[in-house]
Amino acid sequence: MMHINLFLFGCGHHNAAWRHPNSPVERLGDIRYYEEMAQLAERGKLDAVFFADGHATNNITDGPRWFLEPVTMLTAISRATQHIGLVSTISSTFFTPFHAARLMASLDHISGGRAGWNVVTSMFDVEARNHGYEAMPGHAERYARADEFIQAVLQLWDSWDDGALLNDRAGDYVDENRVRQINHHGEHFLVDGPLTVPRPPQGNPVLFQAGASGHGRALAARYAEAIYAVAWDLPSAQAYYRDVKDRIRAAGRTVDVPILPGLVTFIGSTEAEARAKQRMLDELLPAETSLRQLQLFIDQDCMDWELDAPVPPLPPLEAFKGPKGRYATVLRIIETEQPTVRELLGRLAAGGGHCTMVGTPEQVADQMEHWYRNGGADGFNLMPPMQPESVQDFVDYVIPILQQRGLFRQDYEHTTLRGHLGLERPGRK
């Protein structure tokens, strides 16, 4: 069946969501808001909720991006939910393996085996300058560090055997033969271990990965147990899907790694109503805000571009030095639609170029099924343009259709995120 995660982000993924009169912008520091969102997703039997993370406040007047720290939020959410998985981004560029391993192992224990780690390398110089770097390290260096980072984290999670805790009040607390140092002395990290947290309930929290570059796909092929993808249309989704699945097989792995493209949905009782919802949010967004977002995606000044003229020529993907996944999507939209600058800004306003489906619940379910049955996706990472309304529409109207078609679970059958995703619990290596 499909796997569906909910990507929670501020007031929603549309850049104007916070401007809507019904937005929860005043509640972004209230943990009860996020607990309610997770409970709504759990009512829909979704696999997991997911938080991205950022380490800088770009263009802060344009609207909210980051507020509460995500692992802290997920720890609280774990106490307000019972089944749903809890996935957080942790940067391999700015954290250390010991810190990341301890955070994720702790969340896995607290939640009873529902933790997932989205491995990212971070991207922007403004983030780097909050962590002691003048600028971000080069692309290849970041991914080399990420590879070693993951190796060290996996070793730390394995530094305790299952059953190492004895809790023998008349004897030993731990069987010392079942806890060991890892003595990882690599190019980027020195980590002796063992971890201060016993082995997590899932063995390893689930490893998610979202890189679209060659380095990112290679890292996913070696380690990822689920993958977040960016695809504007089905052909680009199919190309990514085939490439990454082939890379996983070539790496000698037999695990069926689910690939989950981002999905933005506008849902109405009629297609006209759904498009009216989309149009209302688009009209709340100042053009200047949209141009600043585009500038971030393409890494060049576009503030004086003529809105109703064609998009000026952009460098090819191989010449681009920034985050390649989002840039590739921008190029794909331009290639397939030849939009004006204003039209391109509209395409990017909600979710930044992820697949967008607009229509009735049946139309959205039809399109999701088409992607799922035609090698484009194993499920989706739902990116609601407006919270909570867009999530409520999806849970109340789309999920029942998918359930009726046998494409999504009627109820949870497992208690761990690994169970939801059909992944085995790994043994200690």
Hey, can you tell me if His13 and Phe7 have their rings parallel, tilted or perpendicular (30° and 60° cut-offs)?
-> perpendicular

Can you name the salt bridge (charged side-chain N to carboxylate O under 4.0 Å, His left out) partners of Arg102, sequence neighbours left out?
-> none

Take atom CZ of Phe189 as the centre, draw a 6.0 Å sphere, and report whether it contains more than 12 heavy atoms from other residues, nucleotides or ligands.
-> yes

So, Thr89 and Asp53: side-chain donor and acceptor under 3.5 Å apart, yes or no?
-> no

Heavy-atom distance under 4.5 Å between the side chains of Leu281 and Leu285, does that happen here?
-> no

Using 4.0 Å as the upper bound for N to carboxylate O, is an ion pair formed by Glu271 and Arg275?
-> yes

Examine the side chains of His14 and Gln278 and answer whether a donor and an acceptor come within less than 3.5 Å of each other.
-> no

Between Phe50 and Tyr228, does the ring centre distance come in under 6.0 Å?
-> yes

Taking atom CZ of Arg114 and atom CG of Asp108, what is their separation to the nearest 0.5 Å?
-> 10.0 Å

Do Arg27 and Glu36 meet the salt-bridge criterion of a basic N to acidic O distance under 4.0 Å?
-> yes

Flag the pair Arg43 and Asp396 as a salt bridge only when some basic side-chain nitrogen lies within less than 4.0 angstrom of an acidic carboxylate oxygen.
-> yes

Evaluation steps, side-chain hydrogen bond (donor to acceptor under 3.5 Å, both in side chains), between Asn374 and Gln238 | CA-CA 8 Å; Asn374 289 277; Gln238 290 168 325; 5.4 Å; no

Side chains of Asp299 and Tyr327: donor-acceptor distance under 3.5 Å anywhere?
-> no

Would you confirm whether the ring centroid of Trp66 sits within less than 6.0 angstrom of the ring centroid of Phe9?
-> yes

Salt-bridge contact Asp378-Lys245 (side-chain N to carboxylate O under 4.0 Å) | yes

Report yes or no: do Trp117 and Glu225 form a side-chain donor-acceptor pair below 3.5 Å?
-> no

Tyr33 and Gln387: side chain donor to acceptor below 3.5 Å = yes

Dump the intermediate steps for side chain to side chain contact (heavy atoms under 4.5 Å, CB included) on Phe380 and Met368, then the final yes or no.
-> CA-CA 8 Å; Phe380 297 90; Met368 292 176 68; 3.6 Å; yes

Measuring from Asp304:CG to Leu291:CG, what's the distance to the nearest 0.5 Å?
-> 9.0 Å

In this structure, CD1 of Ile110 is separated from OG1 of Thr75 (nearest 0.5 Å) by 5.0 Å

Could you go through the side chain to side chain contact (heavy atoms under 4.5 Å, CB included) check for Arg425 and Asn204 one step at a time?
-> CA-CA 8 Å; Arg425 186 181 188 274; Asn204 303 339; over 6 Å; no

Look up atom CE in Met104 and atom CG in Leu156, then write down how far apart they are to the nearest 0.5 Å.
-> 14.0 Å

Between Thr93 and Ser122, a side-chain donor and acceptor under 3.5 Å | no

May I ask you to decide whether Arg242 forms a salt bridge with Asp246, counting only side-chain N to carboxylate O separations under 4.0 Å?
-> no

Are Phe94 and His55 close enough that their ring centers fall under 6.0 Å?
-> yes

Pair Asn118, Gln209: side-chain N/O donor-acceptor within cut-off below 3.5 Å | no

Short N-O contact, Glu288 and Arg292, less than 4.0 angstrom | yes

Going by the side-chain contact (heavy atoms from CB on, under 4.5 Å) test, name the single residue among Leu263, Asn381, Thr329, Thr265 that passes it with Cys355.
-> Leu263

Donor-acceptor side-chain pairing of Gln151 and Asp147 below 3.5 angstrom | yes

Can you tell me if Asp233 and Ser236 form a side-chain donor-acceptor pair at under 3.5 Å?
-> yes

When rounded to the nearest 0.5 angstrom, what is the spacing between CE in Met136 and CD in Glu141?
-> 9.5 Å

Would you call Asp366 and Arg405 a salt bridge, using N to O less than 4.0 angstrom?
-> yes

Answer yes or no: are there more than 12 heavy-atom neighbours, outside Gln82 itself, under 6.0 Å from its atom CD?
-> no

Does Glu337 pair with Arg347 as a salt bridge, N-O distance under 4.0 Å?
-> yes

Rounded to the nearest 0.5 angstrom, the OG1-CZ distance for Thr81 and Arg79 is 9.5 Å

